[in-house]
Amino acid sequence: MARAARKTSRSSAREAALATAAAVSVPARCDVLVIGGGASGLAAAISAAEAGAGVIVLERALECGRTILATGNGRCNFSNARLSWDRYNDPAFVEAVCGEHFGADVLEFFEACGLAWAEENGRLYPLSRQASSVREVLLARARRGGALMASAREVTGIEREGTGWRVTYEGASSGLVLARSVVLAAGGGERVLSATGLACAPFEPVLCSLACAAPAGISLDALDGRRAHVLARLLRDGSEVARETGEALFRPYGVSGIAIFDLSRMARRGDVISLDLTCGTDPEHLRRLAKRAGGCSGILDPVIASALGDSLDLARDLRLVVSGPADPDRAQVTRGGLLTAQFDPATLEAHALAGLFACGEVLDVDGACGGFNLAWAWKSGLVAGRAAARG
């Protein structure tokens with residue numbers, strides 16, 4: 001009975017959200033149309049509206065900003081106190097877009113939104129530790145600026161109309177909007193992106209768990225749920241490709257955790273993840289300790305020590321063979337998107353298509369864990385929205 005009640009409650013909430021979305025009347029014309037009401041789309045809408053443009057946001061989900069609620073395990077790690085270009089796949093482009101005051105600009109934006117924040121090991125979270133705080137201040141600021149939020153509407157077409165753009169949509173209502181400028185901010189919207197004719201790298205999940213095979217005699221089931229602070233190295237054909245230090249979480253299918261998420265950006269099928277569960281501690285010292293203790297339980301989590309047969313060699317170099325992403329649908333970021341060479345980094349306008357701008361995950365830019373991807377979303381959205389408002 002309780003399960004049926006929860007189902008009814010979810011259905012009722014969905015119906016209410018759809019009714020609210022359907023009640024929004026979408027004008028036939030606007031200055032700036034933002035396609036996508038996630039992180040970068042809301043930042044673009046705010047900057048365009050505050051620059052004096054009439055702004056409409058079309059979002060296919062039932063509400064704008066829903067994706068923000070899932071970030072940082074619901075706490076929203078919205079930026080990093082130590083942003084650096086080398087943590088992105090296209091550092092030169094990110095630097096050209098974001099400038100030397102990247103981090104300060106993001107914090108100034110959220111200060112103006114009325115958000116309080118706190119730092120945890122360089123990661124910046126809302127003081128409430130609730131992603132909903134970030135979403136609510138963004139939505140409130142967008143509405144104050146006059147941006148119209150039209151959710152439950154999926155864009156089905158985009159094409160030139162005179163000097164502007166004709167955008168069609170369907171969902172809670174169907175219709176078209178004629179816009180002077182369009183900002184593409186819907187990450188993973190392959191159909192819309194292909195309609196522009198611009199070159200696009202294929203989309204794939206990154207910042208996710210990795211499915212791996214363990215060495216013979218080692219059971220990942222026995223390690224399930226155990227966490228360890230590790231030095232993780234990504235090996236390809238015997239050579240080190242990358243390394244990260246941080247938490248690894250063992251699962252029956254492979255490994256998860258922040259260090260693994262970061263390596264997943266570069267991992268390929270057949271690569272090897274080498275885990276040093278001692279984080280480089282002097283091996284001779286560890287051997288003496290293991291001999292005194294009669295095993296590795298004084299060095300490792302005793303459950304892990306037992307699963308590894310008290311082998312210090314395995315503890316220092318546990319090799320797992322990567323077979324691919326473990327749960328692509330739960331990846332934190334989608335890699336791929338429009339190739340950055342097609343865009344002016346000063347405005348994020350397409351070189352070949354006047355009045356068409358892009359930001360966030362729509363562009364082929366991805367960063368490491370720790371707030372780097374959301375920082376890019378905010379800053380690129382601000383740049384694109386401001387430029388789109390100027391026309």
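- Counting only residues at least two apart or on different chains, the salt bridge (charged side-chain N to carboxylate O under 4.0 Å, His left out) pairs with a member in residues 290-307 are Arg226-Asp301.
- At least one side-chain heavy atom of Arg233 sits under 4.5 Å from a side-chain heavy atom of Leu235.
- Asp327 CG to Leu210 CG: the interatomic distance, rounded to the nearest 0.5 Å, is 11.5 Å.
- Residue Val206 is found in a hydrophobic cluster whose other members, listed by chain and number, are Leu207, Phe261, Val333; membership requires side-chain heavy atoms under 4.5 Å apart, directly or through intermediates.
- With hydrogens and angles disregarded, no donor-acceptor distance shorter than 3.5 Å links the side chain of Ser256 to the backbone of Leu249.
- Within the 4.5 Å cutoff, side-chain heavy atoms of Leu176 are placed close to those of Leu178.
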Evaluate the criterion side chain to side chain contact (heavy atoms under 4.5 Å, CB included) for residue pair Val55 and Cys30; output intermediate values, then yes/no. CA-CA 6 Å; Val55 178; Cys30 68; over 6 Å; no

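- A heavy-atom distance below 4.5 Å is not found between the side chains of Glu247 and Val230.
- Every pair passing salt bridge (charged side-chain N to carboxylate O under 4.0 Å, His left out) that includes a residue from residues 251-264 is listed here, sequence neighbours excluded: Arg87-Asp262, Asp224-Arg251.
- Nearest heavy-atom pair, Leu69 versus Ser132, reported as atom, atom and distance to 0.1 Å: CD2-CA, 3.6 Å.
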Worked verdict on Phe93 versus Tyr88 for side chain to side chain contact (heavy atoms under 4.5 Å, CB included): CA-CA 9 Å; Phe93 185 76; Tyr88 293 91; over 6 Å; no

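- A 4.5 Å side-chain heavy-atom check between Tyr125 and Trp117 finds every atom pair outside the cut-off.
- Panel note: side chain Ser306, backbone Val303; no donor-acceptor pair is recorded below 3.5 Å.
- Using a 4.5 Å heavy-atom cutoff, the side chains of Ile68 and Cys76 are in contact.
- Within the structure, salt bridge (charged side-chain N to carboxylate O under 4.0 Å, His left out) pairs that include any residue of residues 88-102 do not occur (at least two apart or interchain).
- Residue Leu363 holds its CG atom at 6.0 Å from CG of Leu338, rounded to the nearest 0.5 Å.
- Judged by distance alone, with hydrogens and angles left aside, the side-chain atoms of Arg180 form a donor-acceptor pair with the main-chain N or O of Ala389 at under 3.5 Å.
- The side chain to side chain donor-acceptor pair (under 3.5 Å) contacts involving residues 65-74 comprise Glu63-Arg66, where partners must be two or more places apart or lie in separate chains.
- Side-chain atoms of Arg123 never come within 3.5 Å of backbone atoms of Asn121 as a donor-acceptor pair (strictly under, hydrogens ignored).
- Residue Ser297 holds its OG atom at 12.5 Å from CG of Leu289, rounded to the nearest 0.5 Å.
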N/O donor to acceptor pairs below 3.5 angstrom from side-chain atoms of residues 14-29, sequence neighbours left out:
| unit_1 | atom_1 | unit_2 | atom_2 | d |
| --- | --- | --- | --- | --- |
| Thr20 | OG1 | Ala16 | O | 3.0 |

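- Qualifying side chain to side chain donor-acceptor pair (under 3.5 Å) partners for Arg243, counting only residues two or more places apart in sequence or in other chains: Glu240.
- Here the side chain of Asp31 pairs no donor or acceptor atom with the backbone of Ala53 at under 3.5 angstrom.
- Scored by the side chain to side chain donor-acceptor pair (under 3.5 Å) test, Gln332 finds no partners at all (sequence neighbours excluded).
- Every pair passing salt bridge (charged side-chain N to carboxylate O under 4.0 Å, His left out) that includes a residue from residues 70-85 is listed here, sequence neighbours excluded: Arg75-Glu120, Arg82-Glu119.
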Using atom types as modelled, flag every donor-acceptor pair under 3.5 Å from a side chain in residues 364-383 to any protein atom, sequence neighbours excluded.
| unit_1 | atom_1 | unit_2 | atom_2 | d |
| --- | --- | --- | --- | --- |
| Asp364 | OD1 | Gly336 | N | 3.4 |
| Asp366 | OD1 | Asn89 | ND2 | 3.3 |
| Asp366 | OD1 | Arg335 | NE | 3.0 |
| Asp366 | OD2 | Arg265 | NE | 2.8 |
| Asp366 | OD2 | Arg265 | NH2 | 3.1 |
| Asp366 | OD2 | Arg335 | NH2 | 3.1 |
| Asn373 | OD1 | Gly367 | N | 2.7 |
| Asn373 | ND2 | Gly367 | O | 2.8 |
| Asn373 | ND2 | Ala368 | O | 3.4 |
| Trp376 | NE1 | Gly360 | O | 3.2 |
| Trp378 | NE1 | Phe78 | O | 2.9 |
| Trp378 | NE1 | Leu374 | O | 3.2 |
| Lys379 | NZ | Asp105 | OD2 | 2.8 |
| Ser380 | OG | Gly360 | N | 2.9 |
| Ser380 | OG | Trp376 | O | 2.6 |
| Ser380 | OG | Ala377 | O | 3.4 |

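- In this structure a side-chain-to-backbone donor-acceptor pair under 3.5 Å is present from Gln342 to Ala199.
- Of the possible polar contacts, one joining the Glu361 side chain to the Thr334 backbone as a donor-acceptor pair under 3.5 Å is found.
- Residues Asp310 and Leu308 have side chains not in contact (no heavy-atom distance under 4.5 Å, counting atoms from C-beta outward).
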Begin with the C-alpha distance, continue with both residues' side-chain angles, and end with the deciding distance and a verdict on side chain to side chain contact (heavy atoms under 4.5 Å, CB included) for Ile273 and Arg319. CA-CA 6 Å; Ile273 298 287; Arg319 298 198 168 200; over 6 Å; no

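- Minimum heavy-atom separation, Ile158 to Ala195: CG2-CB, 3.8 Å.
- No donor-acceptor pair under 3.5 Å is formed between the side chain of Arg141 and the backbone N or O of Ala43.
- Transitive grouping of hydrophobic side chains (ILVMFWY, heavy atoms separated by less than 4.5 Å) brings Val57 and Trp165 into a common cluster.
- Val272 and Leu314 fall into different hydrophobic clusters, defined by Ile, Leu, Val, Met, Phe, Trp and Tyr side-chain heavy atoms under 4.5 Å apart, directly or through other members.
- Using a 4.5 Å cut-off on side-chain heavy atoms (C-beta onward), Thr245 and His229 make contact.
- Hydrophobic clustering, with ILVMFWY side chains joined whenever heavy atoms are under 4.5 angstrom apart, groups Val137 together with Ile46.
- When the side chains of ILVMFWY residues are joined at heavy-atom separations under 4.5 Å, either directly or via intervening members, Leu58 and Leu139 end up in a single hydrophobic cluster.
- Partners of Asp86 according to the side chain to side chain donor-acceptor pair (under 3.5 Å) rule, which considers only residues two or more places apart in sequence or in another chain, are Ser84.
- Contact annotation: the side chain of Leu83 approaches that of Ser79 to within less than 4.5 Å [non-hydrogen atoms, C-beta and beyond].
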Could you list the donor-acceptor pairs under 3.5 angstrom formed by side chains in residues 274-283, with sequence neighbours left out?
| unit_1 | atom_1 | unit_2 | atom_2 | d |
| --- | --- | --- | --- | --- |
| Ser274 | OG | Asp317 | OD1 | 2.5 |
| Asp276 | OD1 | Thr278 | N | 2.8 |
| Asp276 | OD1 | Thr278 | OG1 | 2.6 |
| Asp276 | OD1 | Cys279 | N | 3.3 |
| Asp276 | OD2 | Gly280 | N | 2.9 |
| Thr281 | OG1 | Thr278 | O | 2.7 |
| Asp282 | OD2 | His285 | N | 3.0 |

For side chain to side chain contact (heavy atoms under 4.5 Å, CB included), just list the numbers for Arg268 and Val322, CA-CA rounded to whole Å, side-chain angles, deciding distance to a tenth of an Å, and then say yes or no. CA-CA 7 Å; Arg268 301 177 187 170; Val322 177; over 6 Å; no

Check the pair Glu50 / Arg386 against salt bridge (Lys or Arg N to Asp or Glu O under 4.0 Å), numbers first and verdict last. CA-CA 8 Å; Glu50 292 181 354; Arg386 191 177 303 116; over 6 Å; no

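- Cluster annotation: Phe203 is connected to Leu184 through the hydrophobic network of ILVMFWY side chains, with a link wherever side-chain heavy atoms come within less than 4.5 Å.
- Glu59 contributes a side-chain N or O that, together with a main-chain N or O of Ala61, makes up a donor-acceptor pair within less than 3.5 Å.
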